[in-house]
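Here the structure is a predicted model, which means the values were calculated and not measured.
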Amino acid sequence: MDTLDGDSGLYNSRGEKAKRDLVQFVPFRNFKGNQTALAKAVLAEVPEQLVDYNKLIGRKPRPASQVDITKVAMEGINQ
């Protein structure tokens, strides 16, 4: 499984380096029922992978939206 993870580089059958890592291997047995830690480990690389993919296809982020904070619902406040 570590070979498929590709964190240290992944190559195809022709020896060409892969453009991006597609697999995140997390040894399930290391978490012994700790679902929070397991989720954190599984999702740790997602933000960087998303940014790398968008760079690869040439997609740039849209400008940030303006938010009127006075119109945002404050759920859970004063309860």
| request: With rounding to the nearest 0.5 Å, note down the distance linking CG in Leu50 to CD in Glu45. | output: 13.0 Å
Under 3.5 Å donor-acceptor pairs involving side-chain atoms of residues 29-44, not counting sequence neighbours:
unit_1 : atom_1 : unit_2 : atom_2 : d
Asn34  : OD1    : Thr36  : N      : 3.4
Asn34  : OD1    : Ala37  : N      : 3.1

Kindly list each side-chain donor-acceptor pair under 3.5 angstrom involving residues 55-65, sequence neighbours excluded, with atom names and distances?
unit_1 : atom_1 : unit_2 : atom_2 : d
Arg59  : NH1    : Asn54  : OD1    : 3.2

| remark: Exactly one of Val67, Asp68, Val72 clears side-chain contact (heavy atoms from CB on, under 4.5 Å) with Thr70, and that residue is Asp68
